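Source: prediction; values computed, not measured. Labels below follow one simple rule: chain letters A, B, ... track the order of the sequence lines, proteins then strands, and each chain is numbered from 1.
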Number of protein chains: 4
Amino acid sequence: MKKTKLSRREREKLRQRQEMLAAALELFSEKGYHNVTVQEIAEKAEFAIGTLYKFFQNKEDLYTALVLEQCDNFESALTKVLEAPGTEIEKLQNYVQGRSEKFRNNLPFVRLFLAESKGITFNIKAGLDETIRKRYRDFLEKLALVFESGIRNKRFRNIASPYQLAVALDSIIDAFLLLWLEAPERYPYPEDPDTILDIFFKGLTPP
Amino acid sequence: MKKTKLSRREREKLRQRQEMLAAALELFSEKGYHNVTVQEIAEKAEFAIGTLYKFFQNKEDLYTALVLEQCDNFESALTKVLEAPGTEIEKLQNYVQGRSEKFRNNLPFVRLFLAESKGITFNIKAGLDETIRKRYRDFLEKLALVFESGIRNKRFRNIASPYQLAVALDSIIDAFLLLWLEAPERYPYPEDPDTILDIFFKGLTPP
Amino acid sequence: MKKTKLSRREREKLRQRQEMLAAALELFSEKGYHNVTVQEIAEKAEFAIGTLYKFFQNKEDLYTALVLEQCDNFESALTKVLEAPGTEIEKLQNYVQGRSEKFRNNLPFVRLFLAESKGITFNIKAGLDETIRKRYRDFLEKLALVFESGIRNKRFRNIASPYQLAVALDSIIDAFLLLWLEAPERYPYPEDPDTILDIFFKGLTPP
Amino acid sequence: MKKTKLSRREREKLRQRQEMLAAALELFSEKGYHNVTVQEIAEKAEFAIGTLYKFFQNKEDLYTALVLEQCDNFESALTKVLEAPGTEIEKLQNYVQGRSEKFRNNLPFVRLFLAESKGITFNIKAGLDETIRKRYRDFLEKLALVFESGIRNKRFRNIASPYQLAVALDSIIDAFLLLWLEAPERYPYPEDPDTILDIFFKGLTPP
DNA sequence: AATGAATGAGCCTTCATTCAT
DNA sequence: TATGAATGAAGGCTCATTCAT
């Protein structure tokens, strides 16, 4: 809980930086890294190019900062959810609920995130994607812990390794998110969290 | 089932085209669309740039042709699997098996496919991704039919819409594929097909 | 012999100006005009850029002021040497000695001076070099006077015009200075003044 | 005496390269490295920028190639002069004559050469000047050999080390060249070679 | 008066595409 | 028909200079 007092100047700087990142996020998410010019970002953020280069060493640096910052944000929010007290089932319910919401409120970033974590982007020369995948794997380990404890105390059946279950759960959440993204009216989100968990909890074959 | 006789000249043309596409696939999948020059592709394929432009209108056209052709290939192979006779469970088993294998034998393309279907790539200005997603949705409908009939004849529990189940299954297959792609030794593939189906069929909570 | 009393404020101004010029000299001589930013100069001099621009209209102006001031300094010192009483030979001895010393104590400037007077630098658009060369020519006239009087009173042989002799002498002094600059241990300076004069006075061919 | 047959294509390439270098030489020598844009060079040489970049990796590379090639040219021509048969005195006469002529026929390059070898230019990051100075030193060693043998067989008085004499001679030649460059009508060149040698051979003081 | 953040013109360089041979 | 040299538009980035505080 940082409480450092920032000078007016510093606060101003930070605000400017956020504005630049916001403009960049919107553009990158809309057109892709290579189809956005630094000029455009500067214009959208209403700064001169030179000013933008005072904040970020180059285009790649800007992109990297953008993605990593957003990752931090997501990570800490979802980690908090997982660490809240409750049974494993409750934790998963909260996680599915929390992840879905967080994503739906940050669609522009989600598109970037999926691009970096799932596809090949090569937006950045030296593997930003690798950094992001590592962080994502680390986060999945935390999610896996819930499955692990659930299996240990017999609340969950031992049908796959905890990590695999974590991977499976997340992939379904993302898939349903994309479904909703593409056709919000056909696949309304509100009911999905339960659907997802039903798939997981009940299994397809009748008992 | 076209059986048109091709002249020697035409067959030669086709072979050249395939060589160009093969070179392009390798490069695009390795470095990303924007980090590959037409020059490079021509060199790798051992043609002159001008020759390459005789076959494809421009870089985008080449990329589009490449992706769509590969999609055709995958689609028809997997459709065939789904249409083979058998119970719904057998069909799904064959599908998971077939999809996994097909993917593992065509890794370069899979990377492109995931990039285009999951992330935002904007490799191509005018929504190649939209075309691909549409085709993918259409294919998912076929997969959904299996779930639908399974639900109808009570082999499967009705825990989600058939289409949702199709989406969920595919997303898990892809996720496990990525898992294996990133750490083949830690997540060996052979056992995965069953794991995936177990998750689906048995459900997480004990009966 | 200006004796104007400067107010404290004016003296302070002058001191600041000198500090800026000193920082600039060091940087320009080390990296060349075009590889030094005004930013750098301001930082090294520990002033804000804006302050620097209060003293000099622009980068060129700063450079010009720097070079001209240093030239003034050198010129007046060496003129003094030439005007000191003594025979022509003594004058030349003192000149060689004085010039060598002065140069060795102001290496950073010498590099700039040689660049401006010998090479093409185009550091400055509107011919600073021309100004400098003109001043240098004027100075050489003074040196030539020594040769002229030496020739007139038969102390020197009339083997070339006085001005040519002045040019020749200076070029040798500079050449030896560069020699020493590049390999101080191999071409130690102390003995050089005499060597230079020997070349001049004795001639190469035996009498 | 290379006699390699060049294909028409190769000869054409070489000619283009020479045209680019010629345009660059003229511009660099007229305005200085930093005041010439690649655009300008391309225009003057009547090529598109892209074509120019097919021949040279970048602006620095072009400049380096230009300077080094010209150096080669000068070096080999003057070395040939020094190696021609004759007494030491004849060799020096030929050298002064040859150097003067060569320089006067290649004024644009001389300006570059002096800038790189005498001044600080920092046109190029990684010390082209150092390369050039090394080559110049090596050449001076050859010139020094003439003085050495002259001293050994008593044709020359031993008033300075051979290398120092070489440095002195060259510096005077250059100085006189500059003199002529600045005021051709006042310091006509034809008589200079003898003047220079007179200064060297006769000495200033009467016997 | 002093500051230094903001500006944006201009430069180097790349690469998709064309077209003469 | 196949070639690949030539093209030049467009983008990333720097840095001298200004001006509001």
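The CD atom of B:Glu60 sits 15 Å away from the C1' atom of E:dC15 (whole-angstrom rounding). In this structure, C:Lys54 places its NZ atom 13 Å from P of E:dG4, rounding to the nearest Å. For the pair B:Lys59 NZ and E:dC15 C1', the interatomic distance rounds to 8 Å; values are reported in whole Å. Counting to the nearest Å, the C1' atom of E:dC12 and the NE2 atom of C:His34 are 16 Å from each other. In this structure, OH of A:Tyr53 is placed 15 Å from C1' of E:dA9, rounded to the nearest angstrom. Between D:Gln39 atom CD and E:dA9 atom P there is a gap of 18 Å when expressed in whole angstrom units. Atom CZ of A:Arg9 and atom P of E:dT3 are 13 Å apart (whole Å).
For the pair B:Lys54 (side chain) and B:Ile49 (backbone), a donor-acceptor distance under 3.5 Å is absent.
Between the NZ atom of B:Lys59 and the CG atom of B:Leu52 there is a distance of 11.5 Å, given to the nearest 0.5 Å. Atom CD1 of B:Ile41 and atom CG of B:Leu62 lie 5.0 Å apart (nearest 0.5 Å). From C:Glu69, atom CD reaches atom CG of C:Leu21 across 5.0 Å, with rounding to the nearest 0.5 Å. Here the straight-line distance linking atom CG of B:Asp61 with atom CZ of B:Phe55 works out to 12.5 Å at 0.5 Å rounding. To the nearest 0.5 angstrom, B:Phe28 atom CZ is 10.5 Å from B:Asn35 atom CG. We find the CG-CG distance between B:Leu107 and B:Leu112 to be 11.5 Å, quoted to the nearest 0.5 Å.
Sequence order on DNA chain F of the closest nucleotides to A:Thr37 and C:Thr37 puts A:Thr37 first from the 5' end. DNA chain F is contacted by both A:Val36 and D:Gln16; D:Gln16 maps to the nucleotide lying nearer its 5′ end (nearest heavy atom per residue). Nearest-nucleotide positions on DNA chain E for C:Lys13 and D:Asn58 put C:Lys13 closer to the 5' end.
Residues A:Arg11 and A:Arg15 have side chains not in contact (no heavy-atom distance under 4.5 Å, counting atoms from C-beta outward).
Where DNA chain F meets chain B (any atom under 4.0 Å from a heavy atom), the bounding nucleotides read 5' to 3' are F:dA2 to F:dG4.
Remark: A:Glu30 does not engage A:Arg111 in a salt bridge, criterion side-chain N to carboxylate O under 4.0 Å.
The base-pairing partner of F:dT21, taking Watson-Crick or G-U wobble contacts with both distances under 3.5 Å, is E:dA2.
Residues from residues 40-52 of chain C placing a heavy atom under 4.0 Å of any atom in DNA chain F, listed by number, are C:Ile49.
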